[in-house]
Each structure stands twice: as structure tokens, then as C-alpha cells.
Amino acid sequence: VRPEKIEDAPTGKPYQALVYIFLNGGADSYNTIVPLENCHTRDLYNEYAMLRTDLTMPIGDLLPIDTNRSFHRQPCATFGVHEDFPILKQMYDEGDAAVLANIGPMVEPLDDKYDYLMRRVMVPFSLFAHNAQQQNTQTVHAQEMDASGVLGRIFAALEAQAGGGYKTAGYSVSGNAMVLGAPGTAEPTIVGNNGAANLEMYRHYDTYRNQINEMTKSYSAGVFADTHTQHLKSSLEGIEKFAQGLQGGELSVTFPNTGLGRQLATIARVIKSRSYIKAERDAFFCQLGGFDSHGDFFRTISMKFTEINDAVAAFAAEMKEQGIWDNVAIVQASEFGRTMVSNGRGSDHGWGGMHWIAGGRINGGKFFGRYPESLLTDSELMLSRGRIVPTTSWEALWQAIAQWMGVEDQQMHNVLPNLHHFSARQLFSQSDIFVPEPSPSPPPPPPPPPPPPAPPAVPPPPFAPHQNSCNEWCTIKGICEDAELPVLVGSSVRNVQCVFDGWRGLDIIPVENGLQTRRYTDPNSCPQGTNIWVPRTHTMIEAIFARYGSKASLVGIYGRNDGCGGCGTHAMNSDEPEQAAHWTSVGNETGAPAEPWFMRVEPFREPAGDYEAGCWLHATQFGEPDKYGLRLNDGRCNYLFSSYLCSTNRWAPSPPPPPSPPPPSPPPPSPPP
């Protein structure tokens, strides 16, 4: 006899919901969000227009958004949102939406197109095919042809967690949803396409309830018959309970009578009934089709963006009316972006694309991921016909979402099987994507008792306990591991991050939203006694980039003359005399040596580099260190930096001598004769 299903009891955890909007057909998202102006090194809008030709969005039809607060630095300070999508600009400007730049399915990270062309890494199966990439985008397990859905795996992890899991439920308002399915989790509830008002129920279930229970209470001998029997009973009971739960789910906002409008209205009703259903973690799948824009391009995307805009605007307004907007996140995805090159009437299947995430606790007004630095046909991310290699994987986003929904770290590799291929710098965390909930204010403490009489004043020491440098923390105190430590900076003691290579340490002080600087003679916001950090060794570069990411990309090195010196023939470090003669550092401006400085152990020159004397050197957009060091970006003073790392840049050529041994004790007096 089949055991009765015991419904999961709620655990009292606060409610959260993820709404997944899938744009079926491959949305041409590179016309959703377009580079506009204030670009750092090149006119990226002009490159976009040259590539897209008859598919180009006119500048006047784009709604400007600012990228200066982005998680990753973007090639332009101003991008434009499609004119038929003003709600995205509004939510972005209000801090409720963020852009996911050049994101797409991956198995392993790709540095450039040559990783794909030369098969240096694994890539998703059947790239550029609708069905395969729909599956890969919704499963986030892109090398497996029978993978389960990423939201289904999140639910399985939430239900299995030690110490009491979560009460979870998945809902699709657009048929079967691959993203919601996973072994060991309940089947998602499928709601009719016309919304909850037309929810289909078996009208005679009450009449035949006993007979159906008799038919379904025992296991069947055949696997297909047993599966059918199990789903028959769970579906009838589930849809009945779900319909009862929607009673009283009237909405405050009028939704548009469109396909997506009706779907989001249904989702809003389920969310409004959360207390009755006793939900804790819900996930919803809805989709809009018709994005396969091989022809009739502008009419297609204009109509689709208008439908998305109106439906999302109504949904966000309803969530705010319900007071639940802070507990809801919307993720928009599509199986791939499209080719930047026109086919004469539209665009064809691509790879990376531009997507977005929204909600009341989203760390919005930012880009996450990196838009390509160049859109030239021979640039490092451009495949044939304008297919763009993605620079960010879906794993990066889903790690943050899984953490936000409550998945514990020990479960994360079950949720994201390819996670081990990506470094921490290539992923996003909950604290990156989401703003933390404000802590409740504690009750005021009782008034303290009157203090005892103060002892006689003792003059304070000139400084708090400290060492003069990070080096001294290692050589004197024996602390030689990276840590935050107090050192003397200028005329005061500051807590700095000490980064060590052996006994040598480099102090680091981060600056956010400081004075903008493009050349070494510009003022910057580094504290007194410091300047832009100078990389001294490969080991220090790896440690500092691991901790600070793209904030470390500006380095305190500049050229004395135009050009790249011996970049193409000599290693990029001060041990090479030709490089030391051409390049120098700002170390001596804080009383430290200008050398050594280190960028790379082999030659490297950016293919389009046009290095200008006095401009800061910095790493490329793929600036994470590789086994050789950092890849250089050209310094034509087109880049403005407002967030950077500062340092005293102290460096000792050799360790201090060991302390002298104490003088020998005098011999004891001779005994009397």
C-alpha cells in the first residue's frame, strides 16, 4: 500500500519568492541594452552601429543609465535601455534592478574566443541550438543532456538541509518548466495559461474521491502505470488545495490583458495567498515566446519589450502594494543572445547576452559581469557573424540566488555541479547581488550606573600599539600571514591589509568613489603618505586580486615616454633593463623605492595598445592574474578611476639583520686559595 503523503509543515522562516521570466526563442538582448557614450578607450556605440548596420538602435531611442557604480568596471560610463522598456531604466535608477552583462551558458570559464575555437575548455553541447540552450540555461549543467532544473535542485537542497529544511513549492504558469524539476522534489503545480480565474479543476472529484483513493492507494507492478497512478492522485489533490488557497487573492493593481500580463497576475495571486498556503520558498516559471527574430526585427522586439514592460511594471507595483517587494526577486533569461551581424531582415542564433534581475533587495543600479571592451570583428570575444563569447556564466548568478534562498555552503556543489570550475572572482555571492536586510533596532539599554571617580590622568602613548610597516609585523612579531594590522601611515596609525610574500609585506588601503584619476600627476584620494599601489611580486598580485578583484586593476606604474617600451619582446617587470628604462612606479613619491615593480614574467602587448606617457598602467577587463601575471591594457588616459587601492609601497631590499646576541657574562671570581 502506498503510504499517505505527509505534507511538509512550515518552519516559520520568512517568505521569499523567485520569479523566472524566460524569453523563448533567443532574445536579441544586445538591442535591449546598448553602449551609448562616455566610453573609456573607443567609441563603442560606433563599433556597435558598424556591426549591426540595419539593426542599429538610434541614439535618440535609447534611455541612458549610468554604470559608474557597477560591480565590474564597464567600457562605457553610459549605456542605453531600449525605448520600449522604460520600467527597466526606472528600476535600475531606483536601485531595484541590475544588468547581467554578457552572460551565458558555460561549463568552464573562457578567457577569449580562442579557448572555444581551439577547444581548450569544455563548452555546452549543441551551442546555438534552441532546444539545447533552453535546457542548458534552465538546468545550469551545460554538458549534461539529462540534467535536472537549477531551481529544482535548489528546492531539493533546501528541503534536505540539516536542522529542518524549508517548505518549498514550484509553480509554472506556462506549461512544463524544466527549471523547476529535480528528482526527490514535488512536481511543480501547473496553472492554466489564462490565470487563476480559469484554474482547471476536476469538477466531480468530491463525488469520486473514495473511488480514486481506492484506485491509487496501492503500488502498481509496472513503472509507467505506477507513475501515472502516483501523479493522478497528487495532481488532483494538489490542484484542489492550490485552488482553495487562492480564495481571496484579489489584486490591487490592474494587469495588462496580455500573455505575460496574465501570467504575472496569476503569480501575484499565489504570492498574496502565501499565508493560507503556508509558503516559505516559492519559485515561479513564466515565459514569453516569439523572440526568434530572423525577420521583421524591429516590430518583433518593440512589441515584445512593450509587453514585458507593462507586465513587469504592474507586477512590481502589486508586490509593493502587498508589502512583499523586498522578498521577491525577478530573473529574466533567454537561451542565448543573437548575432550582432544582420542577416538582412533580423539576427540569428548567438551565445552571450544581456539580461537583468530585479527586486526590492537587489543591489541595483549596477552592471554585474563585463560588457565586451571591443565590438570589432577581430576582437577577442567575437566569433563569426558577430556571436559574442560570454564573459560571465549562469553559475555566477545562481550561486548568489541559492544563497539568498537559504542554501548552505555544503549543499552548493549539488545545486551547481560545475561550480568547481570557477574561481571565487568569477562568481557572485549573496552580498554582491542582494542588499542585506536591515537589522532590527535593539531595545535601548538601561542607564549605566554612575562611573567611579576617575584615576589620575596618565599621558597616552604617542600611538596605539603598532609596527612601523607590514615587514616589521613579520620580522619582529612573527606575523607573516595576510591580515589586517595597524601600521604607521604618514603621521598616524591606521589599520591596513598586510599582504605578504615571504617576510616582505605590502600594506593596502582601498578607496571607494574617490577623486577620479587617469595619470600619475592627477590628484587622488589616497591617504597622506600613500599613493596608488605598486605590484612588487607575482605572489602579491595573486593575493591582492583574490581579495579586491577589479579594484586592483589600476597600478602605480606609468611610462616615461609614449609607447610600450619592450612589451613585445621583454618580460614586463623591472628586472628587464629595457622595461625599467621605459616604465617606472610612484614608489619614490612616498619615500619607498620605485623598483622592483612586477606585471608579468613574459612579454605582453595589447594588440591595439597606444600607450601614452604619464598615463596609469592597468590590467585588461580580464585582469585576473594567470600563471604569468597580469595582462596589460593600454594607457591613453581615456580611463578614469574613482575606486582603487593605495599603499605606502614600502619595500626592503633585504631582511633586517638578526638582533645581536647579548654580551657574554663575566667569568665567576676565582675561589680563594
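Because only heavy atoms are used, hydrogens play no part in the values below, and waters and symmetry mates are left out as well, while side chains stay in.
When all heavy atoms are compared, the tightest approach of Phe368 to Asp432 is CZ-O, 3.2 Å. Taking each heavy atom of Phe641 and Ser553 in turn, the nearest pair found is CE2-OG, 4.1 Å. Of all non-hydrogen atoms in Ala142 and Met106, the two that sit nearest each other are CB-O, 3.7 Å. Of all the heavy atoms in Ala147 and Gln135, the pair that sits closest is N-NE2, 4.1 Å. For the pair Val415 and Ala157, the tightest heavy-atom approach, listed with the atom from each and the gap, is CG2-CB, 3.7 Å. Between Ala77 and Asn68 the shortest heavy-atom distance is CB-OD1, 3.7 Å.
Side-chain atoms of Ser431 and Ser429 include a donor-acceptor pair closer than 3.5 Å. A donor-acceptor contact closer than 3.5 angstrom is absent between the side chains of Thr185 and Glu159. Looking only at atom types and distance, the side chain of Asn131 has no donor-acceptor partner in the side chain of Gln134 under 3.5 Å away. No side-chain donor-acceptor contact under 3.5 Å links Gln16 and Arg361.
The number of heavy atoms from other shown groups lying within 6.0 Å of CG (Asn495) is above 12. With a 6.0 Å radius and a threshold of 12 heavy atoms from other residues, nucleotides or ligands, Gln410 has its CD atom above the threshold. Residue Met122 places its CE atom among more than 12 non-hydrogen atoms of other residues, nucleotides or ligands, all under 6.0 Å distant. At most 12 non-hydrogen atoms from other residues, nucleotides or ligands lie less than 6.0 angstrom from OH of Tyr628. The 12-atom threshold is not exceeded at NZ of Lys551, counting heavy atoms of other residues, nucleotides or ligands nearer than 6.0 Å.
Centroid-to-centroid, the aromatic rings of His538 and Phe598 come within less than 6.0 Å. You'll find the ring centres of Tyr92 and Trp356 outside the 6.0 Å limit.
The shortest side-chain heavy-atom distance between Ile388 and Pro372 falls under the 4.5 Å cut-off. Side-chain contact between Ile308 and Ile21: absent, with no pair of heavy atoms (C-beta onward) separated by less than 4.5 Å. Between Asp507 and Ser647 there is a side-chain heavy-atom pair separated by less than 4.5 Å. Residues Gln74 and His72 form a side-chain contact, since some pair of their non-hydrogen atoms from C-beta on lies under 4.5 Å apart. Thr139 has its side chain out of reach of Glu144: every pair of non-hydrogen atoms, C-beta onward, lies at least 4.5 Å apart. In this structure, Val270 and Val173 have side chains that are not in contact, with every pair of non-hydrogen atoms separated by 4.5 Å or more. With contacts defined as side-chain heavy-atom distances shorter than 4.5 Å, the pair Glu335/Phe291 does not qualify. Looking at heavy atoms from C-beta onward, Val496 lies in side-chain contact with Cys470 at the 4.5 angstrom threshold.
Under the 30°/60° scheme for interplanar angles, the aromatic rings of Phe79 and Tyr371 are found to stand perpendicular. The aromatic rings of Trp398 and Tyr20 are tilted relative to each other, their planes meeting at an angle between 30° and 60°. Ring geometry for Phe336 versus His130: interplanar angle of 30 to 60°, hence tilted. Aromatic ring orientation, His413 versus His420: tilted (interplanar angle from 30° to 60°).
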- Message: For Ile433 and Trp404: C-alpha separation, side-chain torsions, deciding distance, then whether side chain to side chain contact (heavy atoms under 4.5 Å, CB included) applies.
- Response: CA-CA 9 Å; Ile433 299 289; Trp404 175 72; over 6 Å; no
- Task: Just do the side-chain hydrogen bond (donor to acceptor under 3.5 Å, both in side chains) check on Glu395 and Gln399 with the steps written out, would you?
- Result: CA-CA 6 Å; Glu395 279 83 357; Gln399 174 177 264; over 6 Å; no
- Task: Give the intermediate values and the outcome of side chain to side chain contact (heavy atoms under 4.5 Å, CB included) for residues Val312 and Met91.
- Result: CA-CA 10 Å; Val312 169; Met91 292 191 298; 3.9 Å; yes
- Message: Does Lys320 form a side chain to side chain contact (heavy atoms under 4.5 Å, CB included) with Val328? I'd like the steps, not just the answer.
- Response: CA-CA 10 Å; Lys320 293 173 184 176; Val328 174; over 6 Å; no
- Message: Show, in sequence, the C-alpha distance, side-chain angles and deciding distance for Met319 and Gln322, and conclude whether the side chain to side chain contact (heavy atoms under 4.5 Å, CB included) test is met.
- Response: CA-CA 5 Å; Met319 294 299 97; Gln322 293 185 23; 3.7 Å; yes
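A donor-acceptor distance shorter than 3.5 angstrom exists from the side chain of Arg281 to the backbone of Met405, with no hydrogens or angles considered. Judged purely by atom type and a 3.5 angstrom limit, Glu318 has no side-chain atom pairing as donor or acceptor with the backbone of Phe315. A donor-acceptor contact shorter than 3.5 Å links the side chain of Ser29 to the backbone of Met354. Remark: the backbone N or O of Ile362 is not paired with any side-chain donor or acceptor of Asp96 at under 3.5 angstrom. When atom types are taken as modelled, the side chain of Gln426 and the backbone of Ala396 share no donor-acceptor pair closer than 3.5 angstrom. Counting only distance, with no hydrogens or angles, the side chain of Ser273 and the backbone of Tyr276 share no donor-acceptor pair below 3.5 Å. Gln161 places a side-chain N or O within 3.5 Å of a backbone atom of Gly406 that can act as its donor or acceptor partner. No side-chain donor-acceptor contact under 3.5 Å links Gln467 to the backbone of Leu485. Judged purely by atom type and a 3.5 angstrom limit, Ser334 uses its side chain to pair as donor or acceptor with the backbone of Ala27. Checking side-chain atoms of Asp282 against main-chain N and O of Ala17 turns up no donor-acceptor pair under 3.5 Å.
Residues passing the disulfide bond (SG atoms under 2.5 Å apart) test with Cys286, sequence neighbours excluded: none. Listed by chain and number, the residues in a salt bridge (charged side-chain N to carboxylate O under 4.0 Å, His left out) with Arg120 are Asp112, Asp115 (sequence neighbours excluded).
A distance of 5.0 Å separates SG of Cys646 from CD1 of Ile532, quoted to the nearest 0.5 Å. Atom CD1 of Ile508 sits about 10.0 Å away from atom OG1 of Thr530, to the nearest 0.5 Å. A distance of 8.5 Å separates CD of Glu380 from OH of Tyr114, quoted to the nearest 0.5 Å. Atoms NE2 and CG, from His421 and Leu416 in turn, are 12.0 Å apart once rounded to the nearest 0.5 Å. From His466, atom NE2 reaches atom CH2 of Trp473 across 9.0 Å, with rounding to the nearest 0.5 Å. To the nearest 0.5 Å, atom CZ of residue Arg425 and atom CZ of residue Arg547 are 13.5 Å apart.
Relative to the ring axis of Tyr166, Lys13 places its NZ or CZ within 45° and under 6.0 Å from the centre.
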